[in-house]
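For reference, the structure discussed in these notes is given below.
All figures in this text were calculated on a predicted structure; none of them were measured in a lab. Order of the sequence lines sets the chain letters (A, B, ...), proteins ahead of strands, with each chain counted from 1.
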There are 4 protein chains.
Amino acid sequence: MSPKVSQAYKDEKRAIILEGALHCFIDKGFQATTIDDIVRHLGMSKGAIYSYFSSKEVMYIQMADDKMNAMVENSSEDFKNMPSAEDQIRYMFDRFRRQSLDELRKWLAFHLEFMLYAARQPELTERWNQYANKALLFMQEIMEGGMKTGEFRSDLDIAAASRLFWSVRDGLALQFMLSGEETDYKSMINEMEKKVFRYIQG
Amino acid sequence: MSPKVSQAYKDEKRAIILEGALHCFIDKGFQATTIDDIVRHLGMSKGAIYSYFSSKEVMYIQMADDKMNAMVENSSEDFKNMPSAEDQIRYMFDRFRRQSLDELRKWLAFHLEFMLYAARQPELTERWNQYANKALLFMQEIMEGGMKTGEFRSDLDIAAASRLFWSVRDGLALQFMLSGEETDYKSMINEMEKKVFRYIQG
Amino acid sequence: MSPKVSQAYKDEKRAIILEGALHCFIDKGFQATTIDDIVRHLGMSKGAIYSYFSSKEVMYIQMADDKMNAMVENSSEDFKNMPSAEDQIRYMFDRFRRQSLDELRKWLAFHLEFMLYAARQPELTERWNQYANKALLFMQEIMEGGMKTGEFRSDLDIAAASRLFWSVRDGLALQFMLSGEETDYKSMINEMEKKVFRYIQG
Amino acid sequence: MSPKVSQAYKDEKRAIILEGALHCFIDKGFQATTIDDIVRHLGMSKGAIYSYFSSKEVMYIQMADDKMNAMVENSSEDFKNMPSAEDQIRYMFDRFRRQSLDELRKWLAFHLEFMLYAARQPELTERWNQYANKALLFMQEIMEGGMKTGEFRSDLDIAAASRLFWSVRDGLALQFMLSGEETDYKSMINEMEKKVFRYIQG
DNA sequence: CATGAATGAGCATTCATTCAT
DNA sequence: CATGAATGAATGCTCATTCAT
């Protein structure tokens, strides 16, 4: 498997490495994962990995970037034919509900570890903030839509409501990070959904 | 057969070490902090530290334990002469408000890093859950009190409300972990306070 | 049964590779130059290079060999129609003068690095010595010529004088390896030229 | 062997490490010497070495610095009671003669390798030039003394003569770097000595 | 034949922990 | 008891060389 491989091949390999590394990072954490762990998991040579990523950190950042972007982009796609803002927000809650606690925990562990990592490196903090803003704007646009159609109360503070939405989502996830039953989690999402709608619909 | 050093001396020294290590862990994170960092910060010998704690990890766990216990205990103390449940909860919000964003961020970074660390070690996960339950119970007791005095609505699901309280608190903190202004943070606490009371008072 | 590629083509390619590698070795040194540096500089594939040279070391040795031989051969060529020994030696000094300090430094760096490299490998030491002897003989022949024509003093110790010539040349170059002005260098060559002639002409 | 060791102990250990590393660097060259080589040669742990020197490069530079300074300083010491400039210069030649070819070769290999290394790093080039200047000044002072006492010819260009002295010394050493007999080397030093004196005494 | 992706031994450096003094 | 020098396994990364396509 060697020379003159297609760009598609390279892209795929790159994705495979990222996926394998992600698996390890989720399993043991970024700092605790060694390159050898990744090598072992992927059954690939060290050199191969380093020919696609110049450092463990670059891999990590790239991975976080991809994940962060995917989150907002995936939603946008599904929203194409949802005219109602309420539907859009209910869809978001559905997505939360669809994710199993197990998945949630892995996702959150990765997410939080990267946040802590970013908190100690100015240029990453900046990137993180851009992502956070993207998520906030995404919500604000939905809410703006809802206000225009009269679905939501007219005196809604969009910025605050958007923050509240994510804050509720993050807080909830954090509560169930280390313990809790799937059913309790789902029912709390329902509870939160009600509260959020009570708040934005007045 | 002299007592050599008193127990009090030992306890104090132990506390000093823990405090110095905490400073470093907050500053750079647990994994990134080296024993030499702590030694340098404390102006103490490596051997001294190792005679009080058998490993860096033991120090970390002990420290987290102390912090977690202190949190609930401190509140309990102040609650002695607060008969009203509403006052007690408002007091909690006051404590959140009194903490500067800067302090919050440091506190949260330590808190989250330890949570991630605990998530990967079963025996620590257990300990963490005990703490989380303690915090939940603490809130539940307050709410129970509020229901008895009629301050809160009678059909309140105490367990859910308690979870909601902490969830709101955590979510809020997370929102402001990497960016955001002090004033925005404070006003969101106020907003959350209103929402929480609307929820528990019906 | 086609000749595929002609020998001439191969020789040319070989020369191109050697030239490109030389550029890199002079720039960064042998050990510090990676095959990738050479590949990048030549715009050629790794495989191509390895099909002409079995290792980086072989390339290096070949290159040094070529350079060493070229040095003496070039001179011999130009000497064809110089009957006077004095002219021949003056011509050598002219060649030194014509080389800019910048060129000299690059040339010397390569030369010295190879010498150090050779010093640690018996078979290369041998080869180096053959070259050194060639250079000495080359000078001795000139001087012998000069003695026959009576240009140089009759009691000249040819071997010593030849060593002295190269020793003067090397020492001078070494003096200016890391610093010094072009003009100082040139004037010292002149000075040395005078001294050498005073010595050999008596 | 451990805590609260004296400064003398540390200095000694530092010197031992430097000496051991020098041995390896001379043997295999700086780049080719691995930390493990040094560890093996010294029978010491890697950590111990790194607690005295922060990197292999720092060790190398320190070592070169020491050697370069030692050269001039040693001579200065011996010159205290040598009133005649001629004696001083003859003493220098004696020192050259006293050094065996074997020692010379090792010394020169280290010297040249460091020079090549320095040539590629601006801040080291600077340091090297300072040393070279020191050596030049050292000679110039001797010659100045000789002119004052009338030992040397009055129209001597001190700067040029000083350069010539070192240039002769370096060129000679280079000639014998890879081959040559001890006796030839010694007799060429004698020859050079004569030439130098003929030059400076007129 | 040419290509360049893959290999993996090798390297400099770090750091938690130990233990001689 | 306290000290801090010593240890050495572990880690991230490099690069000459190979060989499947």
Could you check whether the rings of D:Y60 and D:F25 sit parallel, tilted or perpendicular, using 30° and 60° as the cut-offs?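 Answer is perpendicular, since the angle exceeds 60°.
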How are the rings of D:F114 and D:W128 set to each other: parallel, tilted or perpendicular (split at 30° and 60°)?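 Tilted: the ring planes of D:F114 and D:W128 meet at 30° to 60°.
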Describe the nucleic acid contact of [X] in one word from base, sugar-phosphate, nothing, applying a heavy-atom distance below 4.0 Å.
X	value
B:S55	sugar-phosphate
C:K46	base
D:I35	base

Give a yes or no on this: more than 12 heavy atoms of other residues, nucleotides or ligands lie within 6.0 Å of atom CD of C:E19.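 Counting neighbours around CD of C:E19, 12 or fewer heavy atoms of other residues, nucleotides or ligands fall under 6.0 Å, so no.
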Among the candidates E:dA2, F:dG12, E:dA6, find the nucleotide nearest to the side-chain atoms of A:T34.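 Nucleotide nearest to A:T34's side chain: F:dG12.
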Return the nearest nucleotide to the side chain of B:K13; candidates are E:dT18, E:dA5, F:dA2.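 Closest of the options to the side chain of B:K13: F:dA2.
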Could you check B:E57 against A:G43 and say which one's nearest nucleotide on DNA chain E is further toward the 5' end?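 That would be A:G43.
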D:Y9 side chain near F:dA6 phosphate (N/O to OP1/OP2, under 4.0 Å):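 Yes.
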Would you say F:dA6 has OP1 or OP2 under 4.0 Å from some side-chain N or O of D:Y52?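 Yes, because at least one side-chain N or O of D:Y52 sits under 4.0 Å from OP1 or OP2 of F:dA6.
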For [X] and [N], what is the distance between atoms [atom1] and [atom2] respectively, to the nearest whole Å?
X	N	atom1	atom2	result
D:Y50	E:dC11	OH	P	12 Å
C:Y60	F:dC15	OH	P	17 Å
D:D37	E:dT13	CG	P	14 Å
A:Q31	E:dT14	CD	P	16 Å
D:D36	E:dT13	CG	P	12 Å
A:I49	F:dT11	CD1	P	15 Å
C:M44	E:dA2	CE	P	10 Å
A:K28	F:dA10	NZ	P	12 Å

Between D:S45 and C:T33, name the one whose nearest nucleotide on DNA chain F is closer to the 5' end.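 So the residue in question is D:S45.
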Name the residue closer to the 5' end of DNA chain F, choosing between B:S51 and A:F30 according to the nucleotide with the nearest heavy atom.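 Taking each residue's closest nucleotide, the earlier one in sequence belongs to B:S51.
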Would you call D:D37-D:R40 a salt bridge at under 4.0 Å N-O?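 Answer for the salt bridge query: yes.
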Hey, is C:D36 close enough to C:K46 for a salt bridge, meaning N to O under 4.0 Å?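 Counted as a salt bridge, because a side-chain N and a carboxylate O are separated by less than 4.0 Å.
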Is the NZ or CZ atom of A:K56 positioned over A:F30's six-membered ring, under 6.0 angstrom from the centre and within 45° of the axis?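 Yes, a cation-pi geometry.
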Quick one: is the NZ or CZ of A:K67 closer than 6.0 Å to the six-membered ring centre of A:F110, and within 45° of its axis?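 The answer is yes, since A:K67 meets both limits relative to A:F110.
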Nearest-0.5 Å distance that lies between atom CD1 in B:I26 and atom CG in B:L108: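 Here the interatomic distance stands at 11.0 Å.
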DNA chain F in dot-bracket, Watson-Crick or G-U pairs under 3.5 Å, [ ] crossing, | other strand? .||||||||||||||||||||
